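The structure displayed is predicted, hence computed values, not measured ones.
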Amino acid sequence: MFNSELLPVQLLYLQKPAKANIQSILSFVLQDLIIRRILNLKALDTFPNNRSKKTQKYFVLLKGENYVGYKPKYFEKEILCPYDKYEQLQPKTITNKILRKYSVPTGYIDDEIVTSLKNEGYINAPSVLKAFGIHSITSKGKQIVADLNHYLAKKEQQLTYLIDGDKEQFIQVMNEMGTLVFIFKKDNPDLFKNIISMVKRIHRSKPLGHENDLSNFKEAINIDLSFLGH
């Protein structure tokens, strides 16, 4: 497992701050909460109206088995606090609530993600540059990005080799990487498509027992925030 005090969304931002957008950032936060079983994603089928013959599928987020007692990071509170009142929420309900709080969509990134990284010493934001949304990464930040890229390159090779290969080793690498595997969605889309296919096949067959279930990854794959745009 990648050894860091930072959560995956913070690592994602540090790796490519210029390419960070609200969709990828919020997707990563939600995916990480699902992978760690703080939240669960559940598909529901319903009839749009009483004259409909076909069901309509939509997804809701529920409290996961690790929700109780979990102390959310600064940038996770906006997502998890509503569960003090509600048992289940659609991802769109959560993201709309977050976006309404800020004057611009990137406000969540600047106020939540960047602030947390600055407080932990990974980013400097000189006032002369901050007005333009430019943040310099400290030597501490640069070192962890270098370590992350080295780690990702190693895991990329392993997963490429394991596609259609040993399921047990594939599951081991997936569990070790956790949410970081979703970085490949943009960095190596062809590999990511193969990973999704492999996860779905393993999820269907469950050949290695419940302890090797990849249902959390299967759920996280289904997070769709395309309605937020890029």
Between A20 and Y13, which heavy-atom pair has the shortest distance, and what is it? CB-CD1, 3.6 Å
Just verifying a value: how many Å separate L214 CG and N216 CG, rounded to the nearest 0.5 Å? 7.0 Å
Does any part of the side chain of P82, heavy atoms only, come nearer than 4.5 Å to the side chain of I94, both counted from C-beta? no
If the test is side-chain contact (heavy atoms from CB on, under 4.5 Å), which one of I113, T106, L30 qualifies with I25? I113
Are F170 and I202 packed together at the side-chain level, in the sense that at least one heavy-atom pair is separated by less than 4.5 angstrom? yes
Would you say that Y151 contacts L180 through its side chain, given a criterion of any heavy-atom pair below 4.5 Å between the two side chains? yes
Evaluate L14 against I123 for side chain to side chain contact (heavy atoms under 4.5 Å, CB included), listing each step before the verdict. CA-CA 8 Å; L14 276 177; I123 281 179; 4.0 Å; yes
Check: E112 main-chain N/O paired with S116 side-chain donor or acceptor under 3.5 Å: yes
For the NZ atom on K185, are there more than 12 heavy atoms of other groups (residues, nucleotides or ligands in this structure) within a distance under 6.0 Å? no
Is it the case that over 12 heavy atoms from other parts of the model lie below 6.0 angstrom from the NZ atom of K142? no
Before giving the answer on ring pair (Phe, Tyr, Trp, His ring centres under 6.0 Å), spell out for Y108 and F75 the whole-Å C-alpha distance, their side-chain angles and the decisive distance to 0.1 Å. CA-CA 8 Å; Y108 174 81; F75 49 83; 7.6 Å; no
Can you find a side-chain donor-acceptor pair between E156 and Y161 that sits under 3.5 Å? no
Could you check whether N21 and S24, counting side-chain N and O atoms only, form a donor-acceptor pair closer than 3.5 Å? yes
Ion pair check, R36 and E76, cut-off under 4.0 Å: yes
Calculate, to the nearest 0.5 Å, the distance between atoms CG and CD belonging to N222 and E219 respectively. 8.0 Å
Donor-acceptor contact below 3.5 Å, side chain Q169 vs main chain D166: no
Do the side chains of R100 and E78 get close enough for a salt bridge, i.e. N-O under 4.0 angstrom? no
Determine whether N194 and L159 make a side-chain contact, defined as any pair of heavy atoms from C-beta on separated by less than 4.5 Å. no
Looking at D110 and K118, is any side-chain nitrogen of the basic one under 4.0 Å from a carboxylate oxygen of the acidic one? no
Assess whether atom NZ of K193 is packed by more than 12 heavy atoms of other residues, nucleotides or ligands within 6.0 Å. no
Closest heavy-atom pair, Y83 versus Q88, reported as atoms and distance to 0.1 Å, is CE2-CA, 4.3 Å
Pair D187 + K16: basic N to acidic O under 4.0 Å: yes
Check: F28 and L7 side chains under 4.5 Å, non-hydrogen atoms: no
I'd like to know whether CD of Q90 has more than 12 heavy-atom contacts from other residues, nucleotides or ligands below 6.0 angstrom. yes
Check: G141 main-chain N/O paired with T138 side-chain donor or acceptor under 3.5 Å: yes
Applying side chain to side chain contact (heavy atoms under 4.5 Å, CB included), run through M177 and Q158 and close with a yes or a no. CA-CA 11 Å; M177 288 198 70; Q158 289 181 335; over 6 Å; no
Do other residues, nucleotides or ligands put more than 12 heavy atoms under 6.0 Å from the CD atom of E65? yes
When rounded to the nearest 0.5 Å, the distance separating OH of Y122 from OG of S139 is 11.0 Å
Taking all non-hydrogen atoms of both residues, which atom of E5 and which atom of K73 are closest, and how far apart? O-NZ, 3.8 Å
Donor-acceptor check, side chain of Q15 to backbone of V145, threshold 3.5 angstrom: yes or no? no
Any ion pair linking E176 and K155 (charged N to carboxylate O, less than 4.0 Å)? yes
Answer yes or no: is there a side-chain heavy-atom contact under 4.5 Å between N40 and L61? no
Do I144 and S4 pass the side chain to side chain contact (heavy atoms under 4.5 Å, CB included) test, and can you show the C-alpha distance, the side-chain angles, and the key distance before you say yes or no? CA-CA 8 Å; I144 200 166; S4 170; 3.2 Å; yes
Give the minimum heavy-atom separation between D111 and Y74, together with the two atoms involved. O-CE2, 3.3 Å
CG-CG distance between N124 and L117, expressed to the nearest 0.5 angstrom: 11.5 Å
Measure the CG-CD distance between L41 and Q31 for me, rounded to the nearest 0.5 Å. 10.0 Å
Do V9 and D32 make a side-chain contact, defined as non-hydrogen atoms from C-beta onward lying under 4.5 Å apart? no
Which distance, rounded to the nearest 0.5 Å, do you find between the CE of M174 and the CG of L162? 11.0 Å
Heavy-atom closest pair, residues I35 and G178: CG2-CA, 4.1 Å
Would I163 and L191 satisfy side chain to side chain contact (heavy atoms under 4.5 Å, CB included), going step by step from the backbone distance to the final call? CA-CA 9 Å; I163 295 298; L191 173 61; 4.2 Å; yes
Got F217 and I196 here, is their nearest side-chain heavy-atom distance under 4.5 Å? no
